[in-house]
Structures are given as C-alpha cells and as structure tokens.
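Sequential numbering from 1 along the given sequence is applied to the chain's residues. Just so it is clear, the model here is predicted, and its values are computed rather than measured. These values consider heavy atoms only, across backbone and side chains, with no hydrogens, waters or symmetry-generated copies.
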Amino acid sequence: MTGYPTIRHGEECMRDGMQIEDRHIPVADKIRLIDALSETGLKEIAVGSFVSPKWTPQMAEVEAVIRGFKPKPGVRYTAATFNERGRERAREFTPPLSPASRSAATQVNVCDVFSQRNYNRTQAKELAGLADVVRGAQAQGITEGGIGLLSAFGSNWTGEFSQEQHMRLLDRQYQLWSEAGINVNRVSIADPMSWNMPHRVERLLEDIKTRWPSIDEFNLHLHNGRAMALPSVYAAMRTLDSTDVLRLQSSIGGMAGCPYCGNGRAAMMIATEDLMHMLEDMGIHTGVDLYKLIEVVWLAEEIVGHQLYGFVSKAGPRPRYDRLYPMDMPFVETLDEAKHFIKGPAAYAQQSSPWNAPITSWMRPAALNGVAEARANGAHSERMAASPAE
C-alpha cells in the first residue's frame, strides 16, 4: 500500500435520513438543518430526492426545501433521481443544485427480492436493460462508464451473496462497456440491508483492482444496521491506495433507514461525526469543524424528536490540548451531562464531587492544565482551527 486513497464524502441526512423520519417535519426545520450543515465544512450535501410522494411522502415538499435553503459557495448540493422525470425536476432546480456530472453507469441488484420491493422490477429486467444504458452513453459520446452492485453483500430474504456472484454480475456489466469501446473507471457498491463485513469488503475491492486495473474510483454506500460499516470503510482504506478515489456516504447521527428492507430506522448509516473523527485522527484532513458538526447532530435530534445513533456526538471527540477535561470535574453520569465537552461546566452543575483537594498529576503540566481549566470556565464555545493532516 502506498498511502490512503483520496476521500470524497457525501452527507445523506436530508435524503437517506429524512426519508425514514416523520413525514410531518416542517419545511422550515429542514431548511434550518441544511443551512446548519452548510456551515460545518462538509463539501457535498444531498438535500432530498425527487420521488413519488405516494411512496415517499417525506419528500413531498422537496421543492420548497430547495427553494428555501441558502447555498454556501464551495459546497456541492445534490438530489437523488431514479428516472427521467426525476432528472427533469432536478434540472429545473440547477442551480442551487450542482450540475449533474456527465457520466453513465450500470448497476444490478444482487437481490431479486429487494429489487422488486424497492424498485418494482426484477433482477432479470435490470439485466435486460443494461445494454440500453450503454447504448445511450454511446449516443451521448460518453467515454467513461461505471459498474455497480446494489444489495451487494446479502439479503434479509435470501441470505449472503458469494464473491462469485459479485464478480459474475460485475463482469457482465464490464463486458458490455468494453464491447462498446467505453473505458470503465468506476465501481459502486451499495449495501442497504447492512450485510457488509470488513473482510468481505476487502476481498471484493482486492479482486476488482486485480481484475480491472482501469478502475480507480470506488463508491461505498454502506448501511450500519449491524455496526460493521465503519470497520468496513477502514478495511477499504487499507485495501486501496493513493492512486485511488474512495467515495463514501454517511449521515449525521447515523440518521437513515429503509422501509423496504425489513429494518426501518435500524438500517442506519455511519454517523458522519464518527467517520470524520476517524479520518482526522488517521491524519486525513477533512476540513470539517467536528464540534460544529456535533451541534448540528443535536439540532437534528431536536427536529426529529428522538436521539440519534452516533457515538462522537455523545462522548465528544478525543480531547486534545485545550480541550482536555478539568481534572477536578465532578461525577458525570447522564448523556446530557456528558455534553460538557461543548456546553462546559453548566452541563454537570448539579452533580456532586468527592474530591477533598485539587487533583494534580505529573502527566498534566501546569500550563496545559491552566488552558484546559480556562476553557472549562467559559471558553468552551470557541472553535479550534482545523489542522491539516501531517
């Protein structure tokens, strides 16, 4: 391995997240959430999807949301589309939506059952339509294509899928592009039913890189219903190298789910704050203000009316420098009290303290201790400037 791949991230709270939440969340609250996300340093934000309100009523007012939010320069805003009518609606709102890339890709759902439940078509129908996608790309003069798998690693109705199934379906797509004279440089792996495991992700990416060296862009859309998505991302980062691009999607607080897969909100995604925390501590500069992002998670919890599923938004990032905890802080027991890493001593003001004398330690220099104490006594609202990766 020669270094980590280049990471490209997309935030899915407003699409994958909102599609499984209460359909009556006001448009104004959705706009407030997008605007807050825009101030965190995230580079790409999905604002919703253009789908039938009959089946996804949470997206019925997506146009009002798009009209209302304030685009921030430098942030890419997207919306999901699944047919030509959806693409037409997206074009009507471009800008503020960012222009769609001029590219083409095929994909096949490995699970015939999920394909019928989610897209109302069989796997056989998907396979029959692949050639039409390739011919359409040819007609547009597109020179690079992508291949992909949906429900990649397993199904709640049919069980786990084999590596042989993966490679056979990918090869079928690759050959169609190759016969058309179009280079394949991208692959997308989506796992809405949370069957991903790190060793399966590692083996699949290794085999793709070995078999098709032209592919250097990898998209992983992994759901986290069984807590394996972040380890799977780490496995992908260790498998790919600095010549590759790894595209990832996540959602603040892990807010996501799927009404078609049998798990509902339990089919959550990686919490964006957990992903960004891992990347930064691995030396990969994200440009994201993690503390601002956590406050947006708390805002999202207020809006949806329940606690979300991430970890860093509860325990805080690993404290560094002037964010080390006061050594004499009292007991901290509840999740609300644990928010002292942003809210300061007010979060645990009602707690008792058993310490009869100030705690000192050779491991905590007095100067550093003073900085931490000063922050705890009123400077907790300041933001640390993001440091570039070493």
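For the 3.5 Å distance criterion, the side chains of H221 and S188 fail to qualify, holding no donor opposite an acceptor. A donor-acceptor contact closer than 3.5 angstrom links the side chains of D207 and Q163. Checked by atom type, the side-chain pair E21/Q58 shows no donor-acceptor distance below 3.5 Å. Defined by atom type and a distance below 3.5 Å, a donor-acceptor pair is present between the side-chain atoms of E11 and T272. For the residue pair H223 / N263, no side-chain donor-acceptor distance below 3.5 Å is found, with atom types taken as modelled.
Looking at heavy atoms from C-beta onward, Y325 lies out of side-chain contact with V332 at the 4.5 angstrom threshold. With a 4.5 Å cut-off on side-chain heavy atoms, P354 and F331 count as touching. Side-chain atoms of Q173 and L176, non-hydrogen and from C-beta on, never get closer than 4.5 Å to each other. In this structure, V304 and M255 have side chains that are in contact, with non-hydrogen atoms separated by less than 4.5 Å. Side-chain contact between P96 and I66: present, with at least one pair of heavy atoms (C-beta onward) separated by less than 4.5 Å. L33 has its side chain out of reach of F69: every pair of non-hydrogen atoms, C-beta onward, lies at least 4.5 Å apart. M269 places a side-chain heavy atom less than 4.5 Å from the side chain of Q249. Between P317 and Y291, the closest side-chain pair of non-hydrogen atoms falls below 4.5 Å.
By the criterion of side-chain heavy atoms lying less than 4.5 angstrom apart, applied directly or through intervening Ile, Leu, Val, Met, Phe, Trp or Tyr residues, L240 is not grouped with V245; the two fall into different hydrophobic clusters. Hydrophobic clustering (side-chain heavy atoms under 4.5 Å, transitive across Ile, Leu, Val, Met, Phe, Trp, Tyr) groups L248 together with L149. M197 and F153 are assigned to two separate hydrophobic clusters, defined by single-linkage of ILVMFWY side chains at heavy-atom distances under 4.5 Å. Hydrophobic clustering (ILVMFWY, side-chain heavy atoms < 4.5 Å, transitive): I20 and L150 are in distinct clusters.
Residues passing the salt bridge (Lys or Arg N to Asp or Glu O under 4.0 Å) test with R247 are E217, sequence neighbours excluded. For Q140, the side chain to side chain contact (heavy atoms under 4.5 Å, CB included) partners are R102, I142, not counting sequence neighbours. In this structure T94 satisfies the side chain to side chain contact (heavy atoms under 4.5 Å, CB included) test together with L97, P99, sequence neighbours excluded. Partners of S52 according to the side chain to side chain donor-acceptor pair (under 3.5 Å) rule, which considers only residues two or more places apart in sequence or in another chain, do not exist here. In this structure R211 satisfies the side chain to side chain contact (heavy atoms under 4.5 Å, CB included) test together with M167, D171, sequence neighbours excluded. Applying the side chain to side chain contact (heavy atoms under 4.5 Å, CB included) rule to K125 yields the partners R121, T122; only residues at least two apart in sequence or on another chain are considered.
Between R15 and E12 a salt bridge is recorded (basic side-chain N to carboxylate O distance below 4.0 Å). One finds a salt bridge joining D29 and R32 here, because a Lys/Arg side-chain nitrogen approaches an Asp/Glu carboxylate oxygen to under 4.0 Å.
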- Task: Show your reasoning for whether side-chain hydrogen bond (donor to acceptor under 3.5 Å, both in side chains) applies to N196 and S232.
- Result: CA-CA 7 Å; N196 64 88; S232 292; 2.9 Å; yes
- Query: Should R226 and D191 be marked as a salt bridge (charged side-chain N to carboxylate O under 4.0 Å, His left out) after you check the CA-CA gap, both sets of side-chain angles, and the distance that decides it?
  - Reply: CA-CA 12 Å; R226 297 177 175 94; D191 178 40; over 6 Å; no
- Item | CA sep, side-chain torsions, deciding dist, call: Q19, S49, side-chain hydrogen bond (donor to acceptor under 3.5 Å, both in side chains) | CA-CA 9 Å; Q19 74 175 8; S49 57; 5.2 Å; no
- Run the salt bridge (charged side-chain N to carboxylate O under 4.0 Å, His left out) check on E61 and K30 step by step: do they pass? CA-CA 10 Å; E61 298 177 301; K30 295 178 180 179; 5.3 Å; no
- Evaluate side-chain contact (heavy atoms from CB on, under 4.5 Å) for F93 paired with E63, printing each intermediate quantity in order. CA-CA 8 Å; F93 288 90; E63 295 182 357; 3.7 Å; yes
- Task: Any chance you could lay out the side-chain hydrogen bond (donor to acceptor under 3.5 Å, both in side chains) test for T243 and D241, step after step, and finish with the verdict?
- Result: CA-CA 5 Å; T243 66; D241 61 38; 2.5 Å; yes
- Check step by step if side-chain contact (heavy atoms from CB on, under 4.5 Å) holds for V113 and N156. CA-CA 9 Å; V113 177; N156 293 337; over 6 Å; no
- Please lay out, stage by stage, how T286 and E280 fare under the test side-chain hydrogen bond (donor to acceptor under 3.5 Å, both in side chains). CA-CA 7 Å; T286 66; E280 287 285 351; 2.7 Å; yes
- Is there a side-chain contact (heavy atoms from CB on, under 4.5 Å) between M276 and V312 once you walk through the steps? CA-CA 10 Å; M276 296 301 160; V312 174; over 6 Å; no
- Item | Chi angles and distances behind the side-chain contact (heavy atoms from CB on, under 4.5 Å) call for V296, E273 | CA-CA 10 Å; V296 179; E273 63 273 19; over 6 Å; no
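A donor-acceptor distance shorter than 3.5 angstrom exists from the side chain of K43 to the backbone of G41, with no hydrogens or angles considered. Remark: side-chain polar atoms of H277 are paired, donor with acceptor, to backbone N or O of R318 under 3.5 angstrom.
Remark: R87 CZ is packed, more than 12 non-hydrogen atoms of other residues, nucleotides or ligands lying under 6.0 Å away.
Between Y119 and F114, the angle of the ring planes goes over 60°, which puts this pair in the perpendicular group of the 30/60° scheme.
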